[in-house]
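Taking it in order: structure first as structure tokens, then the write-up.
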2 protein chains.
Amino acid sequence: MLEPNCTLAVDLVVLTVAEDRLRVLTIRRGVAPYRGRRALPGGFVLPGEDLLDAAERELREETGLGGLRVHLEQLATYAAPGRDPRGRVASVAHLALVPPPPGRPTGGTDAASAQWSDVAEVDAASPPLAFDHRRILRDGVERARSKLEYTPLAAAFCAAEFTVNELRLVYEAVWGTKLDPRNFHRKVTGTPGFVEPTGSTTSRQGGRPAQLYRRGDAAVLHPAMLRPTATPTARRPRPTGPGPATAIQR
Amino acid sequence: MLEPNCTLAVDLVVLTVAEDRLRVLTIRRGVAPYRGRRALPGGFVLPGEDLLDAAERELREETGLGGLRVHLEQLATYAAPGRDPRGRVASVAHLALVPPPPGRPTGGTDAASAQWSDVAEVDAASPPLAFDHRRILRDGVERARSKLEYTPLAAAFCAAEFTVNELRLVYEAVWGTKLDPRNFHRKVTGTPGFVEPTGSTTSRQGGRPAQLYRRGDAAVLHPAMLRPTATPTARRPRPTGPGPATAIQR
DNA sequence: TTAATAGTGTCTATGAGACAGTATGCC
DNA sequence: GGCATACTGTCTCATAGACACTATTAA
């Protein structure tokens, strides 16, 4: 047998979209170190427990998100020496995407007060999150942003049935951009496997009733839903003047 | 202080392209468990050592890849209970992309014989790689494949200066596809920040001398180099017959 | 009716892929 | 010259984005 030399933990970046903003679940630490500080929910991996199971258990225990459909995936591992004053702790961070929670999250055993907060505010908060959780949060948000580009995972932020409009609001909240509703609609319904119509409609928005959709069965999107880029294509200067369009090389 | 409950290790998926094939570095295990089996190089993280440093050290120690430029990034963490019979081991796998090695890799301390092998052969080998290394290898290869799409990382497989042709051979080896040399050339040289001309040329291929390039400074490619898809766009049936091109919906 | 949201059509610019054709080296 | 590789031009189709327009409900 080997001599154990570190403690294995999981931390959770739990994201949702509520009131058109990207939100993250944080807890207030009830014990040292960083007692009283906000932190990402997490905890130690039990003997005989795999990482994803530990993350799922913590999600239930600490956040009271019992029955929700969640998307859960491993994010990255953080094990810098000194990141935890109690000793060598390797934290395997996980990313969870959940639909908007019905009410306030309920604190569990060691989570004094779980709470949804605006991601930007948490990132800029003073004092910052405990440990290296600010970095983990940033990595998680960036992962979520890029996953929305090439997977149908935005639906994980919605209820089981949703309208195209609701899906667009998810994209806008996560990316922090505005999208053209009409082009978005065409793109979503035109990408095979992205969404499936349920056949029923809803008029919860007012206006013409909208079709309801379920998440489709595609694992990746073809074509992808690319984020609008600041430089639409790195804006190569268009040849507008007279003369040959191609510059002489060499 | 906390009671350590696991052992922290790093494993390496070291990939290169040699003779137009994607190759992975494996070692033969000199100690139990899985003694005599092929495995990915790796080892335990030292006290006070961060993960990436451990991976870098193992890369040097175990594989004799001393002075090479390498790209090294964290891949994922594998910690299923029972994955190592010696006890609870969390392996933080890393992905390394290296230029074609000048000679045979030299085995280090506990690596009896490091060796480059065809990725497909290793994946299909019997007996399979030790531990869960087959799964790790697959995840690493898939990561490399998709990273080539949206980053200029293919250049990590090349010498410091390379031709467009050499870069294309990298893509073809990693993706296992053929690419049109002419379109590839236009795309690579037209994507800002992908490659930078050095000004000099080479005629190592025979034929007209080729420009030499260095890796550019872009972190991501705009536009991306997408893998050719089996279904170019999920092939919606093209309207070829007479009559209105758009089918009536509903 | 108006307001509001849902959804379609169409135009333009750009990129992907196919492939003809030109450039420049070595034999 | 012949051949091989490097590179450019051009055509076609698909997609992204802009935006006019139609559809269907509630008040």
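Letters A, B, ... are given to chains in the order of the sequence lines, protein chains preceding strands, and every chain is numbered from 1.
Side-chain N/O atoms of A:Tyr78 and A:Asp139 include a donor and acceptor closer than 3.5 Å. When only modelled atom types and interatomic distance are considered, B:Gln115 and B:Ser117 share a side-chain donor-acceptor pair under 3.5 Å.
The shortest distance between the side-chain N/O atoms of B:Lys187 and the OP1/OP2 oxygens of C:dG15 is not below 4.0 Å. Taking 4.0 angstrom as the limit, B:His185 places a side-chain polar atom (N or O) nearer than this to OP1 or OP2 of D:dC7.
Atom CD of B:Gln211 and atom P of D:dT5 are 18 Å apart (whole Å). Rounded to an integer number of Å, the gap from CZ of A:Arg227 to P of D:dG17 is 13 Å. For B:His222 and C:dT14, the NE2 to C1' distance is 15 Å, given to the nearest whole Å. We find that CG of A:Asp180 is positioned 13 Å from P of C:dA6, with the value rounded to whole Å. The interatomic distance linking A:Leu212 (CG) with C:dG7 (C1') rounds to 15 Å, in whole Å. As a whole-Å value, the separation of A:Arg168 CZ from D:dG17 C1' is 15 Å. Here C:dG17 presents its P atom at 13 Å from OH of B:Tyr171, a figure rounded to the nearest Å. What separates CZ of A:Arg208 from C1' of C:dA6 is a distance of 5 Å, to the nearest Å.
Separating the CZ atom in A:Arg168 from the CE atom in A:Met225 is a distance of 10.5 Å, to the nearest 0.5 Å.
When each of C:dT8, D:dT15, D:dG17 is scored by its nearest atom to the side-chain atoms of A:Asn183, the top-ranked nucleotide is D:dG17. For A:Arg182, whose side chain is taken as the heavy atoms from C-beta onward, the closest listed nucleotide among C:dG21, C:dA6, D:dC21 is D:dC21. With C:dT5, D:dT25, C:dG15 as the candidates, the nucleotide lying closest to the side chain of A:Pro209 is D:dT25.
When all heavy atoms are compared, the tightest approach of A:Pro152 to A:Ala218 is CG-O, 3.0 Å. Of all non-hydrogen atoms in A:Leu167 and A:Ala155, the two that sit nearest each other are CD1-N, 3.9 Å.
Side-chain N/O atoms of B:Arg186 and base N/O atoms of C:dA16 include no donor-acceptor pair closer than 3.5 Å.
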